[in-house]
There are 2 protein chains.
Amino acid sequence: MIGDLLGREQHDIALLQEVWSERDFLFLKKKLSSSHPYTHYFKSGVIGSGLAVFSRHRIQDALLYQYSLNGYPYMLRHGDWFGGKAVGLVIVDISGLKAHVYVTHLHAEYSRAQDEYLPHRVVQSWELLQFVRHTSRGADLVVLGGDLNMHPQDLGNRLFRSHTGLRDCYTETDTFDGCEDGHTLIADNHFTKKQDLIPFEKGIRIDYILMKGSQRVNMKCESLSTTKGPVADKPFPYSDHEALTAELALLRLEDSSQHGLSDTLAVSDQMDVVTEARAVVKEGLCQTEALRDKAMHLMFGALLLLLLPLAMAFLPCSCSFSTVGLLGAVCMGLLLSGAVLYLLFTTHIKVLKETEDQMMLTSNDLQTKLTGCRLSGSSSSDGYPELQPLSPFKWEE
Amino acid sequence: MIGDLLGREQHDIALLQEVWSERDFLFLKKKLSSSHPYTHYFKSGVIGSGLAVFSRHRIQDALLYQYSLNGYPYMLRHGDWFGGKAVGLVIVDISGLKAHVYVTHLHAEYSRAQDEYLPHRVVQSWELLQFVRHTSRGADLVVLGGDLNMHPQDLGNRLFRSHTGLRDCYTETDTFDGCEDGHTLIADNHFTKKQDLIPFEKGIRIDYILMKGSQRVNMKCESLSTTKGPVADKPFPYSDHEALTAELALLRLEDSSQHGLSDTLAVSDQMDVVTEARAVVKEGLCQTEALRDKAMHLMFGALLLLLLPLAMAFLPCSCSFSTVGLLGAVCMGLLLSGAVLYLLFTTHIKVLKETEDQMMLTSNDLQTKLTGCRLSGSSSSDGYPELQPLSPFKWEE
């Protein structure tokens, strides 16, 4: 059904998430070979990232960034860890314009009231915005589509939008046709469990198409639509999430005076949201340090328990070799589990600290912009000092 | 001693690798607080990436990319896996010029004759070049320093240089003062095991400073030097690798006609080296698939063995509960080990396939350049077609 829809609608680019099976991807690739001859299926994690791109325009290059923090391997019921969640970038040539197209899927929110994965999703939002802002500099236009697993005003969403300047097609579109309030996860969908939506009985908006132009191209969302749950004459809806479709108009700019329109978000707003995000990351750090301590206690406990079979082996008692061996094996199992968990939480702590450091750098940089304090002195008309040549710089490696 | 050297020499930027202990980093940070007030210590993996930057100029932003493939956790003696090897980027403001400075450390080569990690290092080289070329577009100048663990003409090195246009300071410098042939791992160093160098008795060159200018800045290496093993009046050399120091002259360009000098490597050369790299990645894929099969066999073997204690438990025999339990525990241990190894090799296969796909895209793009076949038609003077406005594009998410 998804293949039929994509073949019929003739989108320039389709971005899919949760294509967990490579066979499904290959099926779609074959089915869409005439309408969308260019494809990329991003591979990561154990199961795969699930991210796929189908394009009518030539894909020149692809790049993948796997998020450093993505749940826990022992949460088998949630399973996000095994997906190796990531952001994929394809660079597409659209009639000579360089389009940087991102597709991503963030960690799910299993409980809004007690969201143990909030720090993970905030770290993912940070890595996503860092990846987008550092890899989109040469682009004529930037589009991101994906399941962000965040409501429109959630911290990670505000953080991402304010620091990349990407605009939400839902709030920008001239015309909209779709579910109420743009919901993409709705009650009227066979695959949705009603109780998962409480207290948002009507639905939530967690899938997005975001966009940004450049000095050379002005970008506008002419229309946005969503699928609406049940499909006429079909036994199922297309998916558990409603699909989003945007029509984007590109206007080539003659002068570059309009550039930065989308970037001119107040520096103080950026400061506020990054400060808020740092607090969540710090909280996550405390939680993870507590988990690491528990893993250490498990190791110590197992070591102490190991004394028991050792004592049984060396002291005269009636225990058989097998009993001693079984106890020893159980203790070794516990010790090993503790060690693996200790290593896991240690890597998580590293990621959280790295993110906090990067956020601090960004805060400092924003602070410098706010106070207008510049380290460099007088500058020429284009903002670069006239140093011809500059004195030699020394680098040590 | 390293702190003394850095404090004395007053480099603009110092890039360190293998700073495994955070205490060592904090010690250096304190010691160099007046000469190098700006620092970043990149955190990843279990132990840490070991990468640190000390700068006299303000660090505006930092970004980390951890390599997807980096040895095996069970190779405890090698230990690269635990380091979480990565490339770090800091964006530094040097008198109004935006310098993108990269520091990295690639997987070690433990045996040149039988290098089981070659596919890992080639994948790392690919990820490094992808990261550098996609994150350096806005830069006025680009510098990379690090321990690449590759000889100058090794595949990964050629791949990286040909696809980023970065130039090796050793081959570009006006004057050189240092070890013979620029060696950075030499026999005359207390920390080096002589037998590790065979058959390169005099030493090898595996540490580099690479550089590239931009449309706005021409970059030239005026001098390059290395430390030379023993340090006068000191009990040790500074490190097991010799330190590299480069003096780089920056010349602001009035017109941009010189741009691309460093990028004009023959497209056919780029094709050749990426084809060579694809072959290594494919070979790595075959090896890893064989390893995954072995892990699967281990699991099946353990499952079969599990039948033994199960039979003992249900059939009338003289075995005690403990004997059955011990056998069961051993089988479960084997089964779990097989499962973990299976997951590990599956993720490695995903990474190798993703890398091969990206290399294929690059090959295709180079092929398009070679044949001069362009999908877009006539173009205006600046290379962009005159489409005002372009027809609306449709995106589906």
Side-chain angles (χ1 to χ4, degrees), chain A residues 11-15 43-46 48 58-64 93 95-96 130 134-135 137-138 143 145 207 209 222 243-252 320 322-323 325-326 329 343 346-347 350 353-354 358 361 365 375-376 379 384-385 387-390 392-397, chain B residues 11-15 43-46 48 58-64 93 95-96 130 134-135 137-138 143 145 207 209 222 243-252 320 322-323 325-326 329 343 346-347 350 353-354 358 361 365 375-376 379 384-385 387-390 392-397:
Chain A
H11 307 93
D12 286 81
I13 294 178
L15 307 173
K43 294 161 200 77
S44 70
V46 179
R58 194 164 66 87
I59 297 176
Q60 294 177 316
D61 203 353
L63 186 63
L64 183 70
D93 178 345
S95 313
Q130 284 281 66
H134 285 290
T135 58
R137 274 178 227 268
V143 175
D207 301 271
I209 297 177
E222 292 202 330
L244 275 174
T245 303
E247 281 197 304
L248 306 173
L250 310 179
L251 182 71
R252 177 146 188 267
S320 70
S322 302
T323 313
L326 175 60
L343 293 183
T346 303
T347 62
K350 288 270 190 297
K353 282 187 174 170
E354 175 63 30
Q358 290 184 17
L361 274 177
D365 196 45
L375 286 182
S376 59
S379 60
Y384 288 104
L387 294 167
Q388 302 172 349
L390 294 166
F393 286 103
K394 288 170 81 178
W395 310 77
E396 160 131 341
E397 179 284 307
Chain B
H11 307 94
D12 285 82
I13 293 178
L15 307 173
K43 294 161 200 78
S44 70
V46 180
R58 194 164 65 87
I59 296 176
Q60 293 177 317
D61 202 353
L63 185 62
L64 183 70
D93 178 345
S95 313
Q130 283 281 66
H134 285 291
T135 58
R137 274 178 228 268
V143 175
D207 301 271
I209 298 177
E222 292 201 331
L244 276 174
T245 304
E247 280 196 305
L248 306 173
L250 310 178
L251 183 71
R252 177 147 188 266
S320 69
S322 303
T323 312
L326 176 60
L343 293 183
T346 303
T347 63
K350 287 271 190 297
K353 281 187 175 170
E354 175 64 29
Q358 290 184 17
L361 275 177
D365 196 45
L375 286 183
S376 60
S379 59
Y384 289 105
L387 294 166
Q388 302 170 351
L390 292 167
F393 287 102
K394 287 170 79 177
W395 309 77
E396 158 131 343
E397 182 282 309

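Just so you know, these numbers use all the heavy atoms, side chains as well, and skip hydrogens, waters and symmetry mates. All values derive from a computational prediction rather than experimental measurement. Numbers restart at 1 for each chain; the letters A, B, ... are given by sequence-line order, proteins then strands.
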A:Lys350 vs B:Val46, side-chain contact (heavy atoms from CB on, under 4.5 Å): CA-CA, chis, key distance, verdict | CA-CA 8 Å; A:Lys350 288 270 190 297; B:Val46 180; over 6 Å; no

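Contact count versus chain A (heavy atoms, under 4.5 Å) is highest, among B:Gly48, B:Ala243, B:Gly325, B:Ala62, for B:Ala62. The candidate with the highest count of non-hydrogen atom pairs below 4.5 Å against chain B, out of A:Ala329, A:Gly45, A:Ala14, is A:Gly45. Contact count versus chain B (heavy atoms, under 4.5 Å) is highest, among A:Val143, A:Ile13, A:Thr323, A:Thr346, for A:Ile13. Per-residue heavy-atom pair counts under 4.5 Å with chain B were compared for A:Lys353, A:His134, A:Arg137, and the maximum is reached by A:His134.
Heavy atoms of A:Leu244 lying under 4.5 Å from chain B belong to its backbone as well as its side chain.
Between the CD atom of B:Gln60 and the CG atom of A:Leu361 there is a distance of 10.0 Å, given to the nearest 0.5 Å.
Panel note: side chain B:Gln130, backbone A:Leu63; no donor-acceptor pair is recorded below 3.5 Å.
Scanning all heavy atoms of the two residues, the minimum distance from A:Gln358 to B:Leu64 falls at NE2-N, 3.7 Å.
Using a 4.5 Å heavy-atom threshold, the side chains of A:Thr135 and B:Thr135 count as touching.
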